Amino acid sequence: MNFNHHLIDKKWQKYYEDNPVNQYSDEKPSLYYLVMFPYPSGKGLHVGHWRPYVICDVLTRRKILEGNYVMQPFGWDSFGLPAENYAVQTGVHPADTTRDSIKIFKTQVKDIGAAYDWDREISTADPEFYKWTQWIFIQMFKKGLAYEKDMHLNWCPACKVVLANEEAIGGECERCGTVTTKKQLRQWMLRITDYAEELLQGLEEMDWPVKVKKMQQEWIGKSFGAEIGFKVKDTDKVVTVFTTRADTLFGATFMVLSPEHDLAKAITTPGQREAVDKYCEEASSKSSIDRMAAKDKTGVFTGAYAVNPATGKDIPIWLADYVLADYGTGAIMAVPGHDARDFDFAKKYCLDIRRVIAENDNVDVNAAMQEAYIGDGRIVNSGFINNMNVKAAQDAVAEFLEENGVGRKTVNYKLRDWVFSRQRYWGEPIPLVHCDTCGVVPVPEEQLPVELPYVESYQPTDTGESPLARIESWVNTPCPACGAPGKRETNTMPNWAGSSWYYLRYADPKNHNEIVSSEAMRKWKCDFYLGGVEHAVIHLLYVRFYTKFLYDIGVLDYQEPFPRFFCNGMVNLNGKKMSKSKGNYVSPDDIIEKYGRDTLRLYILFIGPPEADSEWDDNGIDGVYRFMTRAWRLFSETAKNAKNTKETKELLYARNRLIKDVTDRLDSFSLNTVVSAFMEGINRLADIAKTGGVDQKTLETFVILFAPFAPNTASEMWELLGKNMDLYSQRWPECDEKALVLDEKTIVIQINGKVRENIIVTSTASKEEIVEAATAAAKGRFPADVPAKTIYVPGKLVNFVF
RNA sequence: GCCGAUGUGGCGGAAUUGGUAUACGCACACGACUCAAAAUCGUGCGGGAAACCAUGUGGGUUCGAGUCCCACCAUCGGCACCA
């Protein structure tokens, strides 16, 4: 009987469609395994998509075979720019495009044969779903977490859309790669910074890849320092700065504000007005990439002076775009002697440079400095903190600031509030109404969802308004508070909104009255989450933020959505990320046709360590396919007589070796080597089969172990063994360690640490016997009569040292 | 620049707590089967004639190092004027 993957796939795909593997029962322990849901594009899947799905399904099925019910849901992150861009070009409504895309995706996802609970399928663009996305926003609004602000924002001139910092990494639009510029717009913001500390603390106890934790830590970017107020001379204005180097306060010889700083224009003297206006104009028109790439620092003097609270001296106030508007207070005290950037700036504009730290006693503390000194040392030229070290000086300065009411110790975060509005059509409408008398009023919860209306034109506007703004019949609505004519908010939410809480909805996807029932919430907590690195910062940070908020308002009884997260590597082709739109991909459909679904599942695992990026190799899959046919052949040749075949010591060893290798490697997440273990197992059994047969129990054990990896083939093998359709009621086998002890073992003989000989001894041989045998075997190679030392490692080696 | 990771055959990659480096697979070569090819099966496959030498480079610890320590080099990823 040949291995016919077409027949096997067809038969079992159908069977499991009608008889799902994952049967819920109150009796069984429940688990919840989740893989990141995809954005359904019309182009369909490539084999790279398979990787996380296969990995998650293998782990799920293994847990099922250990007697658990594992909820493994699937859904669609279906709002997004591609559908809208397509609509702009063709006029086809994004809802139609999305529906079609989901259909294509779903067919292809089903080919993977994962044990998904399709009953729990969700789609973020479904009004029944986004009703609750809007509901969460309203709760945030009520708690003061959502607010409006004029923002200088990253703006993509091509997409005509505002981007969050996370979407404009490196100064390029994440979607289209266009260089972004800045634009000032009124935006809805979420106060994620209120949760900065919790988001940071929460990372500690989580079972996440270290690199992902590090990335989040860095993104949150906590630093300890002080806030110091500098009085602007001859005014009542104060410029506050954040610094991590309060110890260098005596060395602050000028100040720099970012060009966007609130006080920038207000403090400018008439004489400098023209120069300042010109500079600010230039700064705002520069793209962020130019601004970052600028080697030369530029700036302009405001004409104003501030008073250094420590020295009492007047110091000039400058504007420069090397100071970031949205970090700290958007202003710095410049200490050119001890900060490289300030040093460059001071050199260029001939500003005072003053040494206040000496690295050692040989330094001439009054000599001109050649470069900024960043390190620790003894404080000099600094009044009451002289001779202290850096740390002590920081404390002393903080105390001085407190006493004089001009500053205090503080912490600062890089994390910024989340720009939450998008000037787009295909997203969740922000459920607010603007009323002349009542201000901004949330849409009452019973009126949710605020559904997206059909529009004629999806073209975004250059003014930064959403296409929704053109639909008067939708925009005009009575104020929910007073009934007077009001206007709907026309901005929509960003892509991340739905994915920031979707995991929760799977617990209770059909609940019309609540976001989730408390019973379902308690029962279904995500035990395992899996997905690609590309979402390691943004998505995972936002989900954690939403979860913490939902905890705070009493919806959840836990504060972290994903205590355990695994990050899979990408599958590359020709060294580059697979991409349908760039034509650089391998289609799973072709592979399934040629080799069958299980071969692809196995190859996707075999291709490399799951956490590493791997290169797709068409030849590699042939090897896995050969293994499948070899395994199949072994079964078809031995199954018939298996019941009459005696279990030999060799078979017992082979069986337990396989159990141990598969189980251990699965536990350590080494999925590529699990496939190797199956290959070794089949090679071993095929060897044994040459002289005898393979017993029933060994073949059954193989099938049970194989079931999570190659479900269709394993099912067919199960049937071949004369079993009923009860493969998934079986229990994961346990290894009998005794069976792994062989009668004989190989002992390595080393001389001075180098391998010289092997001897085979009985497994019961004592140390003395082994050393004696080793001496006899290696004596001829001894450089002297008697070794100075003999190292014996039990059961492994003897090392003669001379 | 800072942070992190990774360097092992022609290739993808294996190697419990330091204990036979190169498992498993690909590619390749030869052989069997065949009129022939494909498929399949079998054998070989780091270098070297050998002694020996080989896990990015140079040191160190150890009876023994791919594994631990120090210093470099290279590649990849993240962040990047964060005060």
Side-chain angles (χ1 to χ4, degrees), chain A residues 2 169-171 209-219 221-223 225-226 241-246 248 252 256 258 291-295 297 320-324 326-335 338-342 344-345 412-416 533 536-537 569-570 575 603 606-609 611-624 626-627 629-630 633 661 664-665 668 670 672-683 686 746-758 787-802:
Chain A
N2 287 329
I169 290 170
V210 177
K211 82 174 161 185
V212 175
K213 287 194 191 188
K214 282 263 158 64
M215 280 162 81
Q216 292 216 354
Q217 272 163 12
E218 203 167 287
W219 195 263
K222 184 180 187 178
S223 52
V241 304
F242 171 76
T243 178
T244 54
R245 297 298 303 271
T248 62
V256 187
S258 72
R291 224 166 130 159
M292 282 190 294
K295 286 176 219 103
K297 294 191 170 38
D321 66 5
Y322 81 89
V323 172
L324 305 175
D326 48 6
Y327 179 75
T329 62
I332 60 156
M333 64 175 205
V335 184
H338 304 282
D339 181 284
R341 297 154 299 181
D342 298 345
D344 290 347
F345 194 77
N412 195 55
Y413 300 89
K414 278 193 214 171
L415 184 69
R416 286 142 210 193
V533 237
V537 177
M570 288 183 309
Y603 180 60
F606 189 59
I607 193 168
E611 68 279 5
D613 288 351
S614 302
E615 175 73 22
W616 177 271
D617 175 8
D618 277 332
N619 290 320
I621 198 163
D622 285 321
V624 175
R626 277 177 213 138
F627 156 72
T629 49
R630 275 203 309 275
R633 196 179 317 127
D661 287 348
D664 286 357
R665 294 173 191 189
S668 63
S670 181
N672 50 330
T673 63
V674 175
V675 180
S676 308
F678 283 119
M679 291 171 169
E680 285 165 4
I682 287 296
N683 291 347
T746 306
I747 299 287
V748 174
I749 304 173
Q750 295 184 341
I751 294 175
N752 288 334
K754 295 198 185 275
V755 177
R756 288 294 177 251
E757 306 269 348
N758 286 328
K789 202 163 142 192
T790 303
I791 311 270
Y792 170 69
V793 181
K796 287 213 170 113
L797 62 78
V798 180
N799 185 11
F800 297 108
V801 185
F802 291 91

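Residue numbers start from 1 in every chain, and the chains themselves are labelled A, B, ... in the order their sequence lines are given, proteins ahead of strands. Quick caveat, the model's predicted, so the values are computed rather than measured.
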A/Met679/A/Val624 under side-chain contact (heavy atoms from CB on, under 4.5 Å): CA gap, chis, key distance, verdict
CA-CA 9 Å; A/Met679 291 171 169; A/Val624 175; 4.2 Å; yes

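- Between the P atom of B/rC26 and the CG atom of A/Asp618 lies a distance of 14 Å, rounded to the nearest Å.
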B/S/- along nucleotides 46-51 of chain B (protein heavy atoms under 4.0 Å) is ------

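- Dashed line: the shortest gap from a side-chain N or O of A/Lys211 to OP1 or OP2 of B/rA5 is not under 4.0 Å.
- In this structure, CG of A/Asn2 is placed 19 Å from P of B/rA38, rounded to the nearest angstrom.
- Rounded to whole Å, the separation between the C1' atoms of B/rU67 and B/rU16 comes to 12 Å.
- The separation of B/rA27 from B/rG10, taken at their C1' atoms, amounts to 8 Å, rounded to a whole angstrom.
- More than 12 heavy atoms of other residues, nucleotides or ligands lie within 6.0 Å of NZ in A/Lys213, so this atom counts as buried by the packing criterion.
- For A/Thr243, counting side-chain heavy atoms from C-beta on, the closest listed nucleotide (B/rG4, B/rA83, B/rC3) is B/rA83.
- Atom-to-atom, CZ of A/Phe627 to P of B/rU40 comes out at 15 Å; the value is rounded to the nearest Å.
- Contact check for A/Ile332 versus A/Tyr322: side-chain heavy atoms found under the 4.5 Å cut-off.
- Contact annotation: the side chain of A/Met333 never approaches that of A/Asp342 to less than 4.5 Å [non-hydrogen atoms, C-beta and beyond].
- Between the CZ atom of A/Arg245 and the P atom of B/rA83 there is a distance of 11 Å, given to the nearest Å.
- Rounded to whole Å, the separation between the C1' atoms of B/rG9 and B/rC24 comes to 14 Å.
- Residues A/Tyr603 and A/Phe627 form no side-chain contact, since every pair of their non-hydrogen atoms from C-beta on lies 4.5 Å or further apart.
- At a threshold of 4.5 Å between non-hydrogen side-chain atoms, the residues A/Asn683 and A/Arg630 count as touching.
- Here B/rG9 is in the syn range [glycosidic angle within 90° of 0].
- Straight-line distance from the CH2 atom of A/Trp616 to the P atom of B/rC26: 15 Å, rounded to whole Å.
- B/rU17 and B/rG64 have their C1' atoms separated by 15 Å, with the value rounded to a whole Å.
- For the pair A/Ser258/A/Tyr327, no side-chain contact is recorded, criterion being any heavy-atom separation below 4.5 Å from C-beta on.
- With both ends at atom P, the span from B/rC28 to B/rA37 equals 16 Å, rounded to whole Å.
- Straight-line distance between the C1' atoms of B/rU22 and B/rG7: roughly 15 Å, to the nearest whole Å.
- Which of B/rA83, B/rC63, B/rC41 sits closest to the side chain of A/Arg633 comes down to B/rC41.
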Review item, nucleotides 13-24 of chain B N/O atoms under 3.5 Å of protein N/O:
residue : atom : partner  : partner atom : Å
B/rG13  : O3'  : A/Asn672 : ND2          : 3.4
B/rA14  : OP1  : A/Asn672 : ND2          : 3.1
B/rG19  : N2   : A/Gln750 : OE1          : 3.0
B/rA23  : O2'  : A/Glu680 : OE2          : 2.8

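- The two residues A/Ala536 and A/Met215 have their closest heavy-atom pair at CB-CE, 4.1 Å.
- Taking atom C1' on both B/rA5 and B/rA54, the two are 25 Å apart, rounded to the nearest angstrom.
- Straight-line distance between the P atoms of B/rG56 and B/rG13: roughly 15 Å, to the nearest whole Å.
- For the atom pair CG of A/Leu415 and NZ of A/Lys222, the computed distance is 12.5 Å after rounding to the nearest 0.5 Å.
- To the nearest angstrom, P of B/rA5 lies 7 Å from NZ of A/Lys214.
- Residue order along RNA chain B, read from the 5' end via each residue's closest nucleotide, puts A/Val624 first among A/Val801 and A/Val624.
- Atom NZ of A/Lys297 is separated from atom C1' of B/rA83 by 12 Å (rounded to the nearest Å).
- Looking only at distances, no side-chain donor or acceptor of A/Asn672 sits under 3.5 Å from a matching main-chain atom of A/Ile607.
- Comparing B/rG78, B/rC53, B/rC26 against the side chain of A/Arg626 picks out B/rC26 as the nearest.
- We find that CE of A/Met215 is positioned 10 Å from C1' of B/rG4, with the value rounded to whole Å.
- In this structure, A/Val335 and A/Arg245 have side chains that are not in contact, with every pair of non-hydrogen atoms separated by 4.5 Å or more.
- Side-chain contact between A/Asn752 and A/Val801 is present, with at least one heavy-atom pair separated by less than 4.5 Å.
- A close approach under 4.0 Å does occur between a side-chain nitrogen or oxygen of A/Tyr327 and OP1 or OP2 of B/rA83.
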Counting Watson-Crick and G-U wobble pairs with both distances under 3.5 Å, what is the dot-bracket string for RNA chain B, 5' to 3', using [ ] for crossing pairs and | for pairs to another strand?
(((((((..(((......[....))).(((((.......))))).((....))..(((((..]....))))))))))))....

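- Side-chain contact check for A/Phe800 versus A/Arg756: every heavy-atom pair is 4.5 Å or farther apart.
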